[in-house]
Amino acid sequence: MKLIVNGEEVDLPAVWWNSEQKMVQLIDQTKLPFQIAIHSCSTYHHTVNAIKSMKIRGAPSIGATAAYGLAQAINEFWDEPEYLTKVSSAYDQLLLSRPTAVDLKRGLDHVKKSWAVSPDEAIVQAQKFAHNISMQGKKIGEVGKSLIRENMNILTHCHTGALALVDHGSAIAPLIASWEDGVRFHVYVDETRPRMQGRLTSWELTQYGIDHTVICDSASGHLMSSGKVDLIILGADRVTKNGDIANKIGTHNLAVIANHYSIPFYSAFPDTTFDINTLTGTEITIEERNTQEIYEIRGLSKTTRTQISVSVYQENTHCYNPAFDVTPAELLSGYITPHGILSKEDLGRVYSN
Ligand code: RUB
């Protein structure tokens, strides 16, 4: 993605391997939209923490980061006694860093094949894995733009752009591809409490000049009932064999209301998000995050212009913070994939090959 860093235009993915400094680097998503900052992870342990703290987030991007993290561990421990015990432990820590997205396991298993070959090969394989995801984002854009027509109002939830998919994006990719073809439309951006990923969506749409309006998540039903939403496109963190999707909390609410008003509802994702080994959404582990994320909101201080966190509840208020929910396949109109727009019946056929 093209960014202005220190006054200069640079083309950066969400995460990459810095071969000179031998470290994983990523765009720190917890600083956006107020600051573009590069975060460096010099050990695999730092990389685990970057995933846990959501400096990097979005299913495919955390998959790529986990792949780099394992490659990093292979490099760290290659010459040490008990090499295999140590890299196995790194694998487990990376796998558990965020449990819902299957992309992590995909990235780790891809790199694991080279853990007996060489440290350099592990890096090469992590880079291949990340590059493949980014190319799939480009394809998703080309496939999904056929759904978008002039003057549509499109609603999206969470953030599914280049930052979430190494580059290009999943659900945002068709919006960008269509806008670049000259089609003009408007996007409603769900704010997505508690982590407010809508800020990333708004920031990314602004880079392309795409017309959009941010709404509180709870406003979406009102907009749908007033005929102001023509299409919903969002991402997925895990798609099961029967077509159920785990995605950012609030997706299920959207799907039920969209279904009530017959509004087309699509999920866009790369191959790494499809999990043929899990039969239905009930088997997915839903990550429960620290309730601090509900108590506190990060923002820019009006006086110091620095980023601060403020409490929005009294201490000891009881909160519950599931990060994802599951939407049953029957509520989806289709799936935007690098292989075309698929029905739930198509999924098993395409992904079992
Ligand atoms: C991210 C999230 C996004 C999907 C998008 O959650 O739910 O909608 O990851 O993924 P979080 P994809 O911010 O908690 O990581 O790009 O595969 O559609």
Side-chain angles (χ1 to χ4, degrees), residues 1 13-15 26-30 32 50-66 97-104 106-107 130 132-141 143-144 155-176 189-201 204 217 232-240 245-255 265-275 281 284-290 293-294 321-327 332 335-338:
M1 79 198 89
V15 58
L26 48 95
I27 297 171
D28 185 345
Q29 300 188 30
T30 62
L32 288 167
I51 298 173
K52 281 187 178 168
S53 60
M54 293 175 70
K55 288 185 188 318
I56 182 98
R57 45 145 300 285
S61 279
I62 55 179
T65 309
S97 60
R98 300 227 33 215
T100 300
V102 69
D103 308 60
L104 267 90
R106 284 282 145 68
N132 187 35
I133 289 177
S134 140
M135 289 299 99
Q136 292 216 331
K138 204 170 161 56
K139 197 72 207 290
I140 289 169
V143 167
L155 187 139
T156 190
H157 188 67
C158 198
H159 168 267
T160 57
L163 293 164
L165 192 133
V166 185
D167 214 340
H168 302 292
S170 59
I172 288 183
L175 306 182
I176 295 171
V189 175
D190 269 0
E191 187 178 44
T192 323
R193 276 280 282 156
R195 291 295 297 222
M196 316 267 270
Q197 286 91 335
R199 301 199 278 204
L200 301 171
T201 304
E204 210 162 312
D217 302 3
I232 299 177
I233 312 184
L234 36 72
D237 292 83
R238 190 182 292 242
V239 182
T240 55
I245 65 163
N247 193 49
K248 181 50 57 197
I249 193 78
T251 300
H252 188 200
N253 311 29
L254 281 176
F265 187 97
Y266 288 87
S267 168
F269 53 88
D271 293 354
T272 51
T273 305
F274 188 75
D275 181 7
I284 299 173
T285 303
I286 298 294
E287 177 184 5
E288 282 180 31
R289 293 188 60 84
N290 196 314
E293 293 182 345
I294 300 181
N321 189 16
F324 302 98
D325 59 24
V326 172
T327 299
L332 280 112
Y335 305 84
I336 307 170
T337 75

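All ligand and atom numbering here is 1-based and tracks the order in the structure. Values below: all heavy atoms of this structure, side chains included; hydrogens, waters and symmetry mates excluded.
Between the side chain of Thr156 and the main chain of Leu234, no donor-acceptor pair closer than 3.5 Å is present. Judged by distance alone, the side chain of His159 and the main-chain N or O of Met196 form no donor-acceptor pair under 3.5 Å. In this structure a side-chain-to-backbone donor-acceptor pair under 3.5 Å is present from Ser61 to Leu163. Of the possible polar contacts, one joining the Asp217 side chain to the Glu191 backbone as a donor-acceptor pair under 3.5 Å is found.
Near Thr160, the atoms of ligand 1 lying under 4.0 angstrom from a non-hydrogen atom of the residue are 5 (C), 8 (O). For ligand 1, the atoms sitting less than 4.0 Å from at least one non-hydrogen atom of Pro270 are 17 (O), numbered in the order shown with element in parentheses. Which parts of ligand 1 touch Thr273 is read off a 4.0 Å heavy-atom cut-off, strictly below it: atoms 17 (O). Near Gly235, the atoms of ligand 1 lying under 4.0 angstrom from a non-hydrogen atom of the residue are 18 (O). In summary, the atoms of ligand 1 found under 4.0 Å from a heavy atom of Arg98, numbered by their order in the structure, are 11 (P), 14 (O), 15 (O).
In this structure, atom 8 (O) of ligand 1 lies nearest to the protein heavy atom Asn247 OD1, 2.9 Å. When hydrogens are left out, the protein atom nearest atom 6 (O) of ligand 1 is Lys248 CE, 3.3 Å; that is the closest non-hydrogen contact. If you check which protein heavy atom lies closest to atom 7 (O) of ligand 1, you get Asp237 OD1, 2.7 Å. Ranking protein heavy atoms by distance to atom 13 (O) of ligand 1, first place goes to Arg57 NE, 2.4 Å. The nearest protein atom to atom 16 (O) of ligand 1, hydrogens excluded, is given as Ser170 OG, 2.7 Å; this is a heavy-atom distance.
Just one residue in the list Thr201, Asp190, Asn247, Asn253 forms a side-chain hydrogen bond (donor to acceptor under 3.5 Å, both in side chains) with His157, and that residue is Asp190.
Of the heavy atoms in Arg195, none comes closer than 4.0 Å to ligand 1. Residue contacts with ligand 1, taken as heavy atom pairs separated by less than 4.0 Å, involve Ala59 via backbone and side-chain atoms alike.
Backbone and side-chain nitrogen or oxygen atoms of Ala268 are examined, and one is located within less than 3.5 angstrom of a nitrogen or oxygen of ligand 1. Looking at Ala236 next to ligand 1, an N or O pair under 3.5 Å apart turns up.
In this structure, Phe269 and Phe274 have parallel ring planes: the angle between them is below the 30° cut-off, well short of the 60° mark.
For the residue pair Asp103 and Thr273, a side-chain donor N or O sits within less than 3.5 Å of a side-chain acceptor on the partner. Looking only at atom types and distance, the side chain of Thr30 has a donor-acceptor partner in the side chain of Asp28 under 3.5 Å away.
Within the 4.0 Å heavy-atom shell around ligand 1 one does not find Ala323. Between Gln197 and ligand 1 there is a heavy-atom distance shorter than 4.0 Å. Contact annotation: Gly58 has at least one heavy atom less than 4.0 Å from an atom of ligand 1. Distances shorter than 4.0 angstrom do not occur between any heavy atom of Ser61 and any atom of ligand 1.
The OG1 atom of Thr100 lies 5.0 Å from the CD1 atom of Ile286; values are rounded to the nearest 0.5 Å. To the nearest 0.5 Å, the span separating CD on Glu288 from CD1 on Ile249 amounts to 9.5 Å. Rounded to the nearest 0.5 angstrom, Thr160 OG1 and Ile233 CD1 are separated by 8.5 Å.
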